[in-house]
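Numbered from 1 within each chain, the chains take letters A, B, ... in sequence-line order. FYI, side chains are in, hydrogens and waters are out, and symmetry mates aren't considered; it's all heavy atoms of this structure.
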Amino acid sequence: MTAESPKNQRAERYNAREAEARWQKTWDEQGIYATRNDDPRPKYYVLEMFPYPSGRIHMGHVRNYTMGDVVARFKRAMGHAVLHPMGWDAFGMPAENAAIDRKVHPKAWTYDNIAAMKKQLQSMGLSLDWAREVATCDPAYYKHQQRMFLDFLQGGLVAREYRKVNWDPVDMTVLANEQVIDGRGWRSGAPVEQRDLYQWVFKISDYAQELLEALDTLDRWPEKVRLMQKNWIGRSEGLLVRFMLDSATTPGGEGELEIFTTRPDTLFGAKFMALAPDHPLAQAAAAKNPKLAEFIAECKRIGTSQEAIDTAEKMGFDTGIRALHPFDPDWKLPVYVANFILMDYGTGAIFGCPAHDQRDLDFVNKYGLGNTPVVCPDGQDPATFVITTTAYDGDGRMINSRFLDGMTIAEAKEDVAKRLENSFLPPSERGRSAAEGCRVGVNEPQAGPPPPPSPLQGEGDERPAQVRSNNAPVAQRQVNYRLRDWGISRQRYWGCPIPVIHCSTCGTVPVPATDLPVTLPEDVAFDKPGNPLDRHPTWKHVKCPQCGGEARRETDTMDTFVDSSWYFARFTDPWNKDAPTTPEVANRWLPVDQYIGGIEHAILHLLYSRFFTRAMKKTGHLDIDEPFAGLFTQGMVVHETYRSKAGDWVIPADVTIEGMGDQRRAHLTATGEPVEIGSIEKMSKSKKNTVDPDDIIGAYGADTARWFMLSDSPPERDVIWTEEGVQGAWRFVQRLWRLVGEVSEVSGPQARPTTFGPEAQKVRKAAHRALANVSDDIARLRFNRCVAHIYEFANALSEAIGSIETLPSPDLAWALREAGDILVRLFAPMMPHLAEECWAALGHNSLVATEAWPEVEPALLIENTITLPVQINGKKRADVTVPREAGKEEIEAAVLALDTVQKALDGKSPKKVIVVPQRIVNVVA
RNA sequence: GCGGACGUGGCGGAAUGGUAGACGCAACGGACUUAAAAUCCGUUGGCUGUAAAGCCGUCCGGGUUCGACUCCCGGCGUCCGCACCA
C-alpha cells in the first residue's frame with residue numbers, strides 16, 4: 001500500500017458486461033482456443049454432451065458447459081493439448097413440430113436456433129474450438145453416418161426385421177425399448193402401442209457380453225451408471241430344457257416344447273407349463289379351439305398398451321396339452337397359455353414352480369393347481385415347511401426332489417444340468433417339435449409378410465440353441481440377455497435418411513457409396529400426420545443401382561441417437577470430407593478423457609455410443625473400444641415454483657418475495673396479487689420456474705453465473721437456483737476486483753527475497769495451500785470445495801492487506817504480489833473474464849488464459865510446529881503444540897503435563913495414551 | 001417386488017475412522033452515511049450459566065473401536081433406476 005493511494009472505499013466497480021465482451025473478442029482474435037491436431041503435448045479431450053438446438057440455452061446448459069470449461073482451462077494451464085469442441089444434436093421431432101405448428105421449415109428453424117444458441121454460448125466465455133463445430137443435420141455430417149450404416153450392413157451389424165415395435169401414436173413413430181418410459185413415449189408422453197413393422201436394427205445384442213464385461217474397465221465412471229447399464233443388459237444364466245409332449249393332446253402332433261429357466265433346481269416343484277399368447281404352439285392350439293382363440297384375443301386387447309400389461313391380473317387358459325416331466329415320463333404337466341409370459345424373452349414358454357416364484361404362485365392359487373416346496377430354508381423343518389401366499393426365493397437345501405434332496409441350490413442346478421445335457425429324447429417318441437420351423441425369436445418374423453430377401457447377408461437367428469439335430473440333448477446351458485437389438489427406423493422427415501433402396505427384383509440394395517449422401521428433399525409438406533418423405537411425390541422413386549429397374553427409396557430415417565453415437569469421434573477431424581474419421585487422428589484423441597452430461601443419458605446415449613465405437617472399430621474407422629474413459633454426471637438446476645390464485649404457473653422474474661423462513665410471501669411484481677410458493681423442482685417450461693441465462697448474464701455477467709453454478713452444491717447433485725446465491729456470487733466478483741486492485745497498488749521488489757519474515761511467510765503459506773487444494777479439487781471435479789478454498793484464500797489475503805498500516809516490507813510486498821498472481825490464476829478457469837481483467841491490472845501483458853498453472857512450493861505446505869487436538873476418553877478437551885518432528889514420547893509428556901489432563905486424571909496414571917502422529921492424541925483415563 | 005443412493009445448524013453444504021458444522025447464504029449487532037445502498041468489523045447448532053465452563057448434538061436402536069457423520073447389524077424416511085425377463 002503506497003502513501004499516495006490510500007484505501008479507496010469507492011473503488012471502481014468491475015463492469016462485467018463491458019469487460020466480458022472485450023476479452024471474448026481478444027481471445028477470438030488471437031485464436032487461443034483453436035486446437036491443432038499436430039500439437040505434440042500430451043492430449044486431453046474434454047467434452048460436454050452437445051445440445052439439442054431448441055432455440056435457447058437453459059441453466060442446465062450453463063452448469064454443464066461451465067464444468068467442462070473449467071476442466072479444459074485447467075488442463076490447458078497444466079500443459080496439455082486440449083480438445084474442447086462443440087456441436088449440435090440437430091435432428092429430431094421438435095423441428096417437425098415447429099414446422100407443423102408454425103409453418104417454418106425444419107431446416108430454417110434448426111439453423112436459426114443454432115445461430116441464437118451459439119451466440120448465447122459465446123457470451124458465456126467458453127474456451128471452445130468453434131472451428132470444429134458440427135451439426136448432425138448437415139449433409140456433410142450425415143453423409144458419413146450413411147457410409148457407416150452401409151459398412152455396418154456389410155459387416156453384419158445391421159439387420160432388417162419384421163418385428164413387434166413400440167409405436168408412439170402421437171409422434172407417429174417407432175420407439176426403442178429404451179425410449180419407452182413407464183409405458184409412454186419418452187418425448188410425447190403418449191401411451192405406447194404394439195405394432196408389427198419392418199425395422200432396421202443395429203445388432204447391439206451381439207455385443208451384450210462385451211458391453212457388460214467392459215463395464216469393469218470403466219473405473220472413472222460413476223458406479224451408479226455402470227450398475228444401470230449392467231441391469232439393462234440383464235445377463236442371466238440358465239438352461240434350455242425340452243419337454244416331451246403327449247402328442248395325443250397336441251393340435252398337430254407336436255412332440256416337444258422348449259422352455260428357458262434359471263431355476264432348473266426346482267424342476268420337481270413344477271406344477272404347470274405356460275406359453276406366451278403369441279407362442280406358435282398356442283397359436284396352433286387356438287386354431288382348433290375357439291375358446292382358446294378368444295382368450296388369446298382377450299390378452300392382446302388388454303395388451304395394446306404397455307401400461308395395461310403392467311397392471312393386468314394374471315390369467316391363464318388350459319390348452320389341454322400335457323407335457324412330460326423330463327425326469328419322470330409318467331408325470332404329466334398341464335400346458336396353459338398365460339398372459340404374463342413374454343414371447344420375446346427366452347423361448348416364450350416356461351415351466352411353473354409356484355413354491356419358489358411369486359408369479360407362478362399367484363397363478364396356481366388362482367387356478368387351484370397347488371404347490372410343492374422343493375427348497376427348504378436352513379433352520380426350517382422340511383416336514384412342516386409350507387408355502388401359501390408368498391413364494392420362497394432364498395437359499396436352502398433341496399427337499400421333495402428325489403435324487404436332489406439335501407443338495408444346495410447351486411449343487412442341484414449343476415446336477416440337473418449335467419443329467420439333462422447327457423440325456424437324449426428317444427427318436428421314436430420325438431415327433432415334430434412344437435417350435436420347429438415356427439419358433440419365434442426376436443430376429444425372425446412371426447406374422448405378416450415375410451421380409452424381402454436380402455442380397456447382403458444371411459439373416460436369421462444365430463443362437464445355437466436353434467440348431468438342433470435328432471440327437472440333441474434334453475437340455476443345454478444358455479445365457480440370455482435382456483438387451484434387445486437397437487431398432488433405428490423412424491417414420492420421420494427430420495432425420496438421417498437410411499441409404500438403401502428397395503427393388504422388387506433385387507430386394508434391399510445399398511445406395512452406392514458414390515451416391516452418398518442421400519439428402520433430404522427440401523420441398524416437403526407437414527399438413528398431415530405421418531412421414532412427409534413417404535408422401536413426397538418424387539423423392540422416393542429411384543432406379544435400382546443393381547438392375548436399373550424401378551425401385552423405391554427407404555423412407556424411414558434413423559433414430560437421432562445414431563447421430564449422437566459418434567459425434568465425439570467426428571470432432572477429432574471434422575474436416576475430413578472423404579471419411580467419418582481419420583483413424584490415426586481419432587485414435588490419438590480418443591477416448592474422451594472427461595465426458596460431462598446429465599444422468600438421464602446413463603443408458604440410452606452412453607450404451608449406444610459404446611456399441612457404436614465397437615462397430616466403428618470393426619469397420620475400420622477407429623481402433624479403440626470405449627469412447628469415454630471418464631464420465632461425470634452433473635445434477636440438475638432446480639428452482640422454487642410459483643402459482644397464481646388462478647392456478648397458473650408464474651415465472652420467477654415476475655415474482656417479488658418478502659420475508660424469510662415461514663414468513664416468506666410472494667406476490668406478482670406488477671399487480672401485487674399474492675402468489676403461492678410451491679415446491680422446488682427441476683427448471684422446466686411447463687412449470688415456468690426457469691431463469692433465462694441471458695437475463696442473468698446481462699445483469700451480472702457470465703462470470704457470476706459460472707461461479708454460482710459451481711459453488712454451493714456438489715456438482716453431481718442438484719443445485720437450487722436462488723437470487724441470494726447469485727447476488728452472493730456477484731458480490732464476490734466485485735470483492736475480488738477490489739482485492740486485486742489493492743494488491744496491484746503494492747509495489748514490491750522484482751527479485752524474489754532470499755528470506756521471508758513471519759507475515760510474508762503466512763501469506764505465502766495461505767497462497768500455496770490454496771494452490772494445492774484448488775489443484776486437487778479441480779482435478780477431482782470437486783468444484784464446490786474449490787470455490788470454498790478460493791474464498792478462504794481471498795479472506796486470508798484480504799486480512800493480510802488490511803492489517804498493513806504503513807508501507808509493507810519488501811519481503812511482504814513480494815509475497816502479496818505472488819499471492820495476487822496465484823489467486824488470479826486459481827479462479828481463472830471459473831471466472832475467465834474477471835481473471836483477464838485482474839491479470840492486466842496486476843501489470844501482466846500476457847493473457848491469463850494462456851498462462852501456465854502456478855507451481856506449488858511443497859516446503860510451504862509443511863508446518864514447523866503442529867497443534868494437536870487432545871482428547872480425553874474420545875472427547876476433545878485441549879490442544880497441544882509440539883515441534884513437527886516431535887516423537888511419541890515427547891508428545892505424550894507434553895500432553896500429560898497439561899492442566900486439563902492433570903485435572904481429568906486426578907492424580908492417577910492414564911490407562912493408555914494413543915498418539916497418532918500429525919493427527920491427534922487420546923488419553924484414556 | 002428387485003436393485004441403488006442419500007439422511008449433518010434457519011438453508012446449501014465441509015469433514016483419508018481422529019478437533020463435527022470448513023466455505024457460502026440468510027439473520028442479528030456494530031462502524032461509515034443527513035439517510036439508504038454498497039462496503040467493513042463482529043455474533044450465529046441446542047441447553048445451563050453474568051462468566052469461566054459444562055452438558056447434549058450428524059434420522060432412530062444396537063454393535064465394533066482408545067476414538068464413529070464415517071465401519072457392521074436392524075429399523076424409519078426421502079429420492080432414483082428397473083419392473084410379469086422365467
Visitor: Looking at the angle O4'-C1'-N9-C4 for a purine or O4'-C1'-N1-C2 for a pyrimidine, is G9(B) syn or anti, with syn meaning within 90° of 0?
Guide: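 What G9(B) shows is a syn base, its glycosidic angle lying within 90° of 0.
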Visitor: Any side-chain N or O of Arg738(A) under 4.0 Å from OP1/OP2 of C40(B)?
Guide: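 Yes, within the criterion.
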Visitor: Ignoring backbone atoms, establish whether Asn795(A) has a side-chain N or O less than 4.0 Å from OP1 or OP2 of A22(B).
Guide: no
Visitor: Considering only the P atoms, how many Å lie between G46(B) and U34(B), rounded to the nearest integer?
Guide: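 Here G46(B) and U34(B) have their P atoms 37 Å from each other.
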Visitor: Across all strands, who's sitting opposite A14(B) as a Watson-Crick or G-U wobble pair, both distances under 3.5 Å?
Guide: none
Visitor: How do Lys224(A) and Phe340(A) order along RNA chain B: which one's closest nucleotide is nearer the 5' end?
Guide: Lys224(A)
Visitor: OP1 or OP2 of A14(B) less than 4.0 angstrom from a side-chain nitrogen or oxygen of Asn784(A), does that happen here?
Guide: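 For A14(B), OP1 or OP2 has a side-chain N or O of Asn784(A) closer than 4.0 Å.
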Visitor: Taking the side chain of Tyr345(A) as heavy atoms from C-beta outward, which of A86(B), A14(B), C80(B) is closest to it?
Guide: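 From the listed options, A86(B) comes nearest.
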Visitor: Under 4.0 Å between a side-chain N/O of Arg482(A) and OP1 or OP2 of C2(B), yes or no?
Guide: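 For Arg482(A), the contact criterion (side-chain N or O under 4.0 Å from OP1 or OP2 of C2(B)) is not met.
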Visitor: Both distances below 3.5 Å, Watson-Crick or wobble geometry, any strand: find the nucleotide opposite G1(B).
Guide: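 Answer to the pairing question: C82(B), which forms a Watson-Crick or G-U pair with G1(B).
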Visitor: Is it true that Arg63(A) and Gln634(A) share a donor-acceptor pair across their side chains at a distance under 3.5 Å?
Guide: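 Their side chains do not contain a donor-acceptor pair, so the 3.5 Å distance test is not met.
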Visitor: Heavy atoms only, 4.0 Å cut-off, all strands: where does Ile790(A) land among base, sugar-phosphate and nothing?
Guide: nothing
Visitor: Between G63(B) and A53(B), how many Å separate the two C1' atoms, rounded to a whole number?
Guide: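 Between the two C1' atoms, the distance is 33 Å.
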Visitor: Is it true that the NZ or CZ of Lys314(A) lies under 6.0 Å from the centre of Phe363(A)'s six-membered ring and within 45 degrees of the ring axis?
Guide: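 No cation-pi geometry.
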Visitor: Which nucleotide, if any, forms a Watson-Crick or G-U wobble pair with C55(B), using both distances under 3.5 Å?
Guide: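 For C55(B), the partner nucleotide comes out as G46(B), under the 3.5 Å rule.
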Visitor: Ignoring backbone atoms, establish whether Ser236(A) has a side-chain N or O less than 4.0 Å from OP1 or OP2 of A86(B).
Guide: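 Answer yes for this pair, as a side-chain N or O of Ser236(A) is under 4.0 Å from OP1 or OP2.
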Visitor: Check Trp730(A), Phe783(A), Phe732(A) against Trp707(A) for a ring pair (Phe, Tyr, Trp, His ring centres under 6.0 Å) and give me the one that passes.
Guide: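 Going through the options one by one, the only one that passes is Phe732(A).
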Visitor: So which nucleotide does C6(B) pair with, by the Watson-Crick or G-U wobble rule with both distances under 3.5 Å?
Guide: G77(B)
Visitor: Any salt bridge between Arg780(A) and Asp776(A), counting N to O under 4.0 Å?
Guide: yes
Visitor: Just by modelled atom types, is the Ser205(A) backbone N or O under 3.5 Å from a matching donor or acceptor in the Asp485(A) side chain?
Guide: yes
Visitor: Any strand counts, and the cut-off is 3.5 Å on both contacts for Watson-Crick or G-U wobble. Which nucleotide pairs with U70(B)?
Guide: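 With both distances under 3.5 Å required, U70(B) matches none.
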Visitor: For the P atoms, the ones on G3(B) and on G75(B), what distance do you get once it is rounded to whole angstrom?
Guide: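 Nearest-Å result for G3(B) against G75(B) at atom P: 13 Å.
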Visitor: I want to check a possible cation-pi pair here: Arg13(A) against Trp737(A), using under 6.0 Å from ring centre and within 45° of the ring axis as the test.
Guide: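 No, Arg13(A) does not sit over the ring of Trp737(A).
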Visitor: Counting N and O atoms only, with roles assigned by atom type, does the side chain of Asn773(A) sit under 3.5 Å from a partner on the main chain of Cys786(A), one being a donor and the other an acceptor?
Guide: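 No: the side chain of Asn773(A) does not pair with the backbone of Cys786(A).
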Visitor: Within the pair Tyr791(A) and G24(B), is there a side-chain N or O less than 4.0 Å away from OP1 or OP2?
Guide: no
Visitor: Arg782(A) near the nucleic acid: base, sugar-phosphate alone, or nothing, with a heavy-atom cut-off under 4.0 Å?
Guide: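 Counting heavy atoms under 4.0 Å across all strands, the contact made by Arg782(A) is with sugar-phosphate only.
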Visitor: Between Gln727(A) and Ala276(A), name the one whose nearest nucleotide on RNA chain B is closer to the 5' end.
Guide: Gln727(A)
Visitor: Give Arg877(A) one of three labels, base, sugar-phosphate or nothing, depending on what nucleic acid heavy atoms sit under 4.0 Å from its own.
Guide: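 Counting heavy atoms under 4.0 Å across all strands, the contact made by Arg877(A) is with sugar-phosphate only.
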Visitor: Are there any protein N/O atoms within less than 3.5 Å of an N/O atom in nucleotides 65-72 of chain B, and if so, which ones and at what distance?
Guide:
| residue | atom | partner | partner atom | Å |
| --- | --- | --- | --- | --- |
| C66(B) | O2' | Asn922(A) | ND2 | 3.3 |
| C66(B) | O2 | Asn922(A) | ND2 | 2.5 |

Visitor: Kindly point out which of G12(B), C23(B), U19(B) is positioned nearest to the side chain of Lys876(A)?
Guide: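 The nucleotide sitting nearest to the side chain is U19(B).
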Visitor: Looking across every strand, which nucleic acid part, if any, lies under 4.0 Å from Ser711(A) by heavy atom: base, sugar-phosphate, or nothing?
Guide: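 If one applies the 4.0 Å heavy-atom cut-off, Ser711(A) turns out to touch nothing in the nucleic acid.
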Visitor: Taking the side chain of Arg735(A) as its heavy atoms from C-beta onward, which of G18(B), A86(B), C40(B) lies nearest to it?
Guide: C40(B)
Visitor: Does the side chain of Arg735(A) come under 3.5 Å of the side chain of Asn795(A) through a donor N or O and an acceptor N or O?
Guide: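 There is such a pair (donor and acceptor under 3.5 Å, judged by atom type) between the side chains of Arg735(A) and Asn795(A).
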Visitor: Looking at Arg731(A), I'd like to know whether one of its side-chain N or O atoms comes within less than 4.0 Å of OP1 or OP2 on A38(B).
Guide: no
Visitor: Using the C1' atom as the reference point in each nucleotide, state the distance between C47(B) and G42(B) in Å, no decimals.
Guide: 24 Å
Visitor: What pairs with Glu889(A) under salt bridge (charged side-chain N to carboxylate O under 4.0 Å, His left out), at least two apart in sequence or on another chain?
Guide: none
Visitor: Choose from A14(B), C23(B), A86(B) the nucleotide whose nearest atom is closest to any side-chain atom of Phe260(A).
Guide: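 Nearest nucleotide to the side chain: A86(B).
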Visitor: Salt-bridged, Arg263(A) to Asp357(A), with N to O below 4.0 Å?
Guide: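 No, this pair does not count.
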Visitor: Which base sits across from C40(B) as a Watson-Crick or G-U pair, both distances under 3.5 Å?
Guide: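 Here C40(B) is engaged in a pair, and the nucleotide opposite it is G30(B).
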Visitor: From the list G81(B), A86(B), G12(B), which nucleotide is the closest neighbour of the side chain of Ile350(A)?
Guide: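 Comparing G81(B), A86(B), G12(B) against the side chain of Ile350(A), the answer is A86(B).
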Visitor: Expressed in whole Å, how much space separates the P atoms belonging to G7(B) and U58(B)?
Guide: 14 Å
Visitor: Looking only at side-chain atoms of Arg717(A), point me to the closest of G3(B), A14(B), C25(B).
Guide: A14(B)
